[in-house]
Each structure stands twice: as C-alpha cells, then as structure tokens.
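Here's the structure, in structure tokens; my notes come after.
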Amino acid sequence: MLTKNRLQNAARVALCALALTALANGAYAQKLIAGPRVGVASTGIEPKDLVIRNAQDVDALRLQIQNSSPEVMVGAFTRLTLLGIFVQPEVLLTTSSAEFLYEDLVNGGEEFLRERYWNLDVPIMAGIKFGPFRVQGGPVYRLNMSNKTDLTTIDGLSRNFKQSDVALQAGLGLDLGKKLILDLKYQPNLSDYRNEVTMFGNTHKVSNRQGQLSLSLGVAL
C-alpha cells in the first residue's frame, strides 16, 4: 500500500534528482534541456520453482512464476551538458506484473495468482557526447511505492518487499535532432528487490533477479 512516508520519500528523491541540474540553470541555461520520458524494460525476473515444507517437514505447497510482464516507465528527465560532458538525472514511475502458479501439495488443487508492482526509479546518468551519440553510466535508486498481490490469500503466507535499492546502469544514447532523446541501458543483476515470502516461520526467495535491458524515449521541451 502507498503510505504517507513513501510519498514523502518519493518526493524528496525526485526533488533532489532534479535539483542536481536545476542549480546550474542560471549561467548555462542554453546547455540545459528537460522534458517527459517514456520507455519499456525487460522483466528482470528469473523464474524459480519454490517448494515450501510445513512444520511436519512435508512438502506443502509449490510456487512458480509462469509469466512476467515487461516493465513500463513514464516520467521526466533533465540534462546539463558542458564541453561534451553531461549529467542526466531522471525520475521514472515504473510498473510491471507477474503471474504465479500455486499448487497445494497436501490437499491437492492449483490456481494462478497475480502480483503488480509500482516503483519510483531515479537514474543519474553521466557520460560523454560524440556528436549526436552518447556513452553513459551511473547509479539508479529504486523506491518501492506500492504492490498488489494475490499470494497473501494463501493461508499463513506473508509477502516481503524490499523498500528501496541502489544499482548501476550503463548504456548508449542518441539525440535525434534537437527534440528526441533515445536511451538504451543495461542494468546488471546486483540485488533482489521483490523476492521473499514467509510461511511456517521460514522465509524463502520466490524469484531471482537477472540483467535488465531498457529502451526509453524523451522529448526535449
């Protein structure tokens, strides 16, 4: 659920990211661009077949990710360029979903359960421009904003989501004229940010993270 504290944290992160370049707006306004941005990324989730044993040490249930959707992102970017070197903070709201197959190994039966995730991503890219081309890299901060899960309908199961995470991204960019900003980025598998369930007093991982590729398009206003 989206709480007041999460909203406050998201606002602070977004304002800090945009302020990194906004402070330079005075003397170098002609080198500063900003605008909206949309994109899509691969799921970044590697399926894992999880079998959970009960208090009698008997296999009780099985969870497996059947499908996971690409991650959709929408937000804004700003970029300051000086002498061919640029800094490009972005603020992106992302959403994706996954479908799990739940099997009751004790009583029999199975059903499909779904989850949806909403996150705030703040990448801060820096790099070098070569004409219209860019080479870039930098950290990305992810704040878990909200989640909706059907897994908690399983009796005795609780879902654990990591509230925030930091990773690295690197990639290439292309400026198409003066308005269109295209970015291709790769984020290696550094950590898990939504990967645990707790049942029968034990905590288990339900998925692994893998490298994630994203493509986004911005429009300079």
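Counting non-hydrogen atoms of neighbouring residues, nucleotides and ligands closer than 6.0 angstrom, the CZ atom of F133 reaches no more than 12 such neighbours. Within 6.0 Å of CG in L83 there are 12 or fewer heavy atoms belonging to other residues, nucleotides or ligands.
I181 is listed as a side-chain neighbour of D175, based on a closest heavy-atom distance under 4.5 Å. The shortest side-chain heavy-atom distance between D59 and E103 does not fall under the 4.5 Å cut-off. At least one side-chain heavy atom of P123 sits under 4.5 Å from a side-chain heavy atom of K185. The side-chain heavy atoms of L174 and L176, taken from C-beta on, include a pair separated by under 4.5 Å. With contacts defined as side-chain heavy-atom distances shorter than 4.5 Å, the pair P89/V87 qualifies.
Taking the centre and axis of the six-membered ring of F161, the NZ or CZ atom of R159 falls inside the cone set by 45° and 6.0 Å.
Side-chain contact annotation: T203 with T198, donor-acceptor N/O pair under 3.5 Å present. Side-chain atoms of D183 and Q136 include a donor-acceptor pair closer than 3.5 Å.
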Practice task
Take N119 and N144 through the side chain to side chain contact (heavy atoms under 4.5 Å, CB included) test and state the conclusion after the steps.
Solution key: CA-CA 5 Å; N119 300 289; N144 178 231; 3.2 Å; yes

Exercise for the section: Go through the steps to decide whether T78 and L80 satisfy the test side chain to side chain contact (heavy atoms under 4.5 Å, CB included), and finish with yes or no. Expected result: CA-CA 7 Å; T78 181; L80 174 67; over 6 Å; no

